[in-house]
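One structure below.
For the single chain, residues carry numbers from 1 onward in sequence order.
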Amino acid sequence: MEANEARWLDEREREIWIALASLLIRVPSALHAQLQRDSGVSFFEYQVLAGLSEAPDRTLRMSTLAVLADGSLSRLSHVVKRMEKVGWVTRRPDPEDGRYTLATLTDAGWDKLVDAAPGHVAEVRRLVFDPLSKAQQRQLQEIGRRIGEAAVAEEPEP
């Protein structure tokens, strides 16, 4: 096969890809809708709150938080600015290296997360865990790990 020749998907692979692509669109959309409806936060905002909640002192560098929340630093900056205005997050220069900015989850942000978490977890359970057997859940974990590792390996260096 020549270097520029495509390895086309066969019919079974195409069906698998369509199912995965649909999953990649539908699950985040459903989680976003549930969070907006029940808690008034976006899925991305929830990821930011959750990422900070699990960090030591509820504080992370913005660059690290962007990776955890799976968003660009620019997107994160806009979202954190809005969250700062409502009192959920504070920002300050990193005392160890002033080139970086630290984001910290406030008590009000923690309360917002605690309020949103039960509904979010129920929706995750309904969408991901309830339809699958324990064996399928283990398979999904391994599949997700392998695909995730392949995707990270292909990301260009910043």
Side-chain angles (χ1 to χ4, degrees), residues 9 11-92 101-156 158:
L9 303 178
E11 186 59 30
R12 183 164 186 270
E13 290 169 330
R14 193 173 88 62
E15 289 174 5
I16 292 167
W17 169 244
I18 289 170
L20 177 60
S22 177
L23 175 87
L24 293 172
I25 293 166
R26 289 181 180 180
V27 171
S29 178
L31 293 173
H32 177 81
Q34 178 275 317
L35 285 163
Q36 281 287 289
R37 179 185 65 243
D38 296 348
S39 302
V41 296
S42 70
F43 183 49
F44 186 72
E45 289 169 331
Y46 184 88
Q47 293 296 99
V48 170
L49 294 171
L52 288 171
S53 77
E54 295 176 359
D57 299 320
R58 299 183 192 166
T59 300
L60 288 171
R61 283 183 173 171
M62 292 282 286
S63 54
T64 302
L65 185 55
V67 172
L68 283 176
D70 200 25
S72 69
L73 192 51
S74 174
R75 180 181 184 198
L76 177 65
S77 292
H78 290 294
V79 167
V80 168
K81 185 177 181 179
R82 286 195 314 266
M83 295 172 102
E84 209 171 18
K85 285 181 181 176
V86 295
W88 298 344
V89 175
T90 60
R91 288 186 288 184
R92 69 181 189 284
T101 300
L102 298 177
T104 300
L105 184 67
T106 65
D107 289 342
W110 172 261
D111 291 344
K112 186 63 175 176
L113 179 64
V114 167
D115 178 61
H120 176 67
V121 171
E123 189 71 348
V124 168
R125 182 168 298 288
R126 183 184 77 80
L127 295 171
V128 179
F129 294 97
D130 292 348
L132 302 175
S133 68
K134 295 293 184 196
Q136 289 171 323
Q137 291 172 18
R138 287 188 296 276
Q139 290 171 331
L140 179 61
Q141 179 182 19
E142 180 62 16
I143 290 165
R145 185 189 62 76
R146 286 182 180 214
I147 292 172
E149 286 175 359
V152 168
E154 295 299 316
E155 288 181 1

Heavy-atom side-chain contact between Leu140 and Val128 under 4.5 Å: yes
Can any side-chain N or O of Ser29 pair as donor or acceptor with the backbone N or O of Arg26 at less than 3.5 Å? no
Under 4.5 Å between any side-chain heavy atoms of Leu35 and Glu123, yes or no? no
Audit row: Thr104, Asp57, side chain to side chain contact (heavy atoms under 4.5 Å, CB included) steps and yes/no: CA-CA 8 Å; Thr104 300; Asp57 299 320; over 6 Å; no
Decide yes or no on side chain to side chain contact (heavy atoms under 4.5 Å, CB included) for His120 and Phe43, but give the supporting numbers first. CA-CA 9 Å; His120 176 67; Phe43 183 49; 3.8 Å; yes
Under a 4.0 Å N-O cut-off, is there an ion pair linking Arg58 with Asp107? yes
With the side chain counted from C-beta on, respond yes when Met62 and Leu73 share a heavy-atom pair under 4.5 Å apart, and no when they do not. yes
Charged N to carboxylate O under 4.0 angstrom, Glu149 versus Arg145? yes
Nearest heavy-atom approach of Arg125 to Pro131 is O-CD, 4.2 Å
What closest approach, in Å, do Phe44 and Ala69 show between heavy atoms, and which atom pair accounts for it? CE1-O, 3.4 Å
Give a yes or no on whether the backbone of Phe129 and the side-chain of Gln137 come within a donor-acceptor separation of less than 3.5 Å. yes
Trp88 and Arg82, any side-chain heavy atoms less than 4.5 Å apart: no
To the nearest 0.5 Å, atom CG of Leu49 lies from atom CG of Asp115 at 11.0 Å
Given side chains that start at C-beta, do those of Leu105 and Lys112 come closer than 4.5 Å, heavy atoms only? no
With the side chain counted from C-beta on, respond yes when Val80 and Arg91 share a heavy-atom pair under 4.5 Å apart, and no when they do not. yes
Closest approach of Ala108 and Gly87, non-hydrogen atoms and distance? CB-O, 3.5 Å
To the nearest 0.5 angstrom, please state how far the CD1 atom of Ile143 sits from the CD atom of Gln136. 9.5 Å
Candidate pair Gln47 and Leu31, rule side chain to side chain contact (heavy atoms under 4.5 Å, CB included), full reasoning: CA-CA 11 Å; Gln47 293 296 99; Leu31 293 173; over 6 Å; no
CG on Leu20 to CD1 on Ile16, rounded to 0.5 Å: 9.5 Å
Please step through side chain to side chain contact (heavy atoms under 4.5 Å, CB included) for the pair Thr101 and Arg92, ending with a clear verdict. CA-CA 6 Å; Thr101 300; Arg92 69 181 189 284; over 6 Å; no
Out of the candidates Val86, Thr90, Val89, only one should pair with Thr106 under the side-chain contact (heavy atoms from CB on, under 4.5 Å) rule; please name it. Thr90
Using a cut-off of 6.0 Å, state whether more than 12 heavy atoms not belonging to Gln141 lie near its atom CD. no
So Arg138 and Leu132, do their side chains get closer than 4.5 Å, heavy atoms only? no
Please round to the nearest 0.5 Å and tell me the distance separating atom CD of Glu11 and atom CD of Glu13. 10.5 Å
May I ask you to test the Leu52-Leu60 pair for a side-chain heavy-atom distance under 4.5 Å? yes
